[in-house]
Amino acid sequence: EREDRYHFASELIALINKYPAQEISSHTFSHYYCLEEGQDVEDFRADMEAAIAIARDRNIVLKSLVFPRNQFNAEYLQVCAELGIESYRGNEEVWFNKAVSSKGENYYRRAGRLADTYLNISGYRCHNLEDMAKSYPFNIPSSRFLRPYTPKARLLEGLRLRRICRSMYYAAKTGKVFHLWWHPHNFGIHLSDNLAFLEKILTCYMVLQKQYGYESMTMTEVGNLLKARRHG
């Protein structure tokens with residue numbers, strides 16, 4: 001960790017874990033790609049067991065999972081359930097976000113995702129709790145990837161913000177779930193611009209919280225709601 005603080009950050013994990021309402025989730029042990037050739041369900045099981053073990057050593061219980069590169073594989077959900085994973089971030093149900101291997105990725109899919117960042121192509125992508133409660137582990141699908149700031153698209157920043165805030169407004173008004181996500185390293189370049197944009201999103205959230213009682217929740221907190229609905 002002294003030699004490579006970017007990839008070994010146990011102190012940072014411990015700091016996050018001290019704060020209430022923060023969840024340490026799993027991204028697998030080895031950034032495991034579930035749709036690539038040469039791997040199978042038992043390889044996935046071994047990888048997740050390693051992730052769970054190292055978390056347990058730090059008194060962290062993993063209950064949710066984000067599949068690396070969004071390579072969701074339905075065949076692996078039974079393993080997740082057996083290992084105590086209660087929820088996962090599923091993919092948006094639109095053709096350019098469908099789970100594929102690296103060979104299945106192409107220019108058209110990337111162009112579709114880029115255009116959808118600024119224009120309402122795929123819809124609000126908000127989700128009903130009732131629908132999510134029907135299967136287990138719970139699929140808490142993505143709604144929007146928060147793309148990082150880029151100077152080349154600075155004139156489109158208003159569209160990018162409006163796209164997110166309108167979806168949040170729709171979710172708050174209809175009682176649905178809006179799932180925003182990004183990688184921490186996405187903010188590494190143009191840090192001040194990215195943080196300023198995130199602050200605008202948080203301001204939007206605070207307005208919706210006051211107006212509609214809109215809540216910010218971790219995946220496990222959403223999962224607890226879904227368990228209550230499933231068994232209620």
Side-chain angles (χ1 to χ4, degrees), residues 6 9 11-27 60 63-66 70 87-92 94 97 113-129 132 138-226:
Y6 290 107
E11 291 180 1
L12 180 59
I13 294 296
L15 177 63
I16 294 172
N17 204 38
K18 286 181 180 179
Y19 285 84
Q22 300 298 315
E23 178 182 359
I24 306 296
S25 183
S26 177
H27 202 37
I60 297 171
K63 292 187 176 182
S64 60
L65 170 68
V66 172
N70 295 314
S87 63
Y88 64 96
R89 189 185 74 207
N91 296 18
E92 299 170 44
V94 58
N97 280 312
R113 291 194 294 267
L114 178 61
D116 197 43
T117 299
Y118 303 101
L119 303 174
N120 190 350
I121 295 175
S122 65
Y124 292 126
R125 313 314 309 169
C126 299
H127 312 287
N128 290 312
L129 289 169
M132 288 189 285
F138 302 118
N139 177 10
I140 306 176
S142 163
S143 298
R144 177 69 38 206
F145 169 52
L146 178 56
R147 286 183 176 271
Y149 171 85
T150 173
K152 293 181 179 179
R154 63 185 181 277
L155 297 179
L156 300 177
E157 286 294 89
L159 291 176
R160 185 163 72 103
L161 180 64
R162 185 175 67 174
R163 180 81 171 97
I164 293 172
C165 289
R166 283 189 172 182
S167 294
M168 290 173 60
Y169 173 80
Y170 176 79
K173 189 175 180 180
T174 59
K176 295 183 178 182
V177 174
F178 176 78
H179 191 166
L180 183 70
W181 68 277
W182 68 94
H183 304 97
H185 70 259
N186 292 144
F187 281 23
I189 301 176
H190 307 299
L191 179 60
S192 59
D193 295 292
N194 282 305
L195 290 177
F197 191 88
L198 177 60
E199 186 172 4
K200 293 178 181 177
I201 295 175
L202 296 176
T203 299
C204 175
Y205 160 73
M206 292 174 66
V207 171
L208 296 174
Q209 184 185 47
K210 292 179 180 178
Q211 187 172 359
Y212 295 101
Y214 196 44
E215 294 185 69
S216 173
M217 308 180 77
T218 67
M219 288 179 64
T220 290
E221 287 173 335
V222 174
N224 290 337
L225 280 180
L226 297 175

Check side chain to side chain donor-acceptor pair (under 3.5 Å) between [X] and all other residues, then give those that pass, not counting sequence neighbours.
X: Lys176; answer: Tyr170
X: Arg147; answer: Thr117
X: Tyr169; answer: Tyr212

Could you tell me which residues satisfy salt bridge (charged side-chain N to carboxylate O under 4.0 Å, His left out) with [X], sequence neighbours excluded, listed by chain and number?
X: Glu157; value: Arg160
X: Arg89; value: none
X: Arg163; value: Asp116

Hey, could you give me each pair passing side chain to side chain donor-acceptor pair (under 3.5 Å) that has a residue in residues 184-203? Not counting sequence neighbours. His183-Asn186

Residue pairs passing the side chain to side chain donor-acceptor pair (under 3.5 Å) test with at least one member in residues 14-23, sequence neighbours excluded, are Glu23-Ser64, Glu23-Thr218, Glu23-Thr220

Report the residues that fulfil side-chain contact (heavy atoms from CB on, under 4.5 Å) with Met206, sequence neighbours left out, ordered by chain and then residue number. none

Using side-chain contact (heavy atoms from CB on, under 4.5 Å) as the criterion, list what pairs up with Val207, not counting sequence neighbours. Gln211

Residues passing the ring-ring contact (aromatic ring centres under 6.0 Å, His included) test with Phe178, sequence neighbours excluded, are none

Partner set under ring-ring contact (aromatic ring centres under 6.0 Å, His included) for Phe187, not counting sequence neighbours: Trp182

Would you find more than 12 non-hydrogen atoms of other residues, nucleotides or ligands less than 6.0 Å from Leu114 atom CG? yes

Just wondering, do Tyr124 and Thr174 contact through their side chains at under 4.5 Å, heavy atoms? no

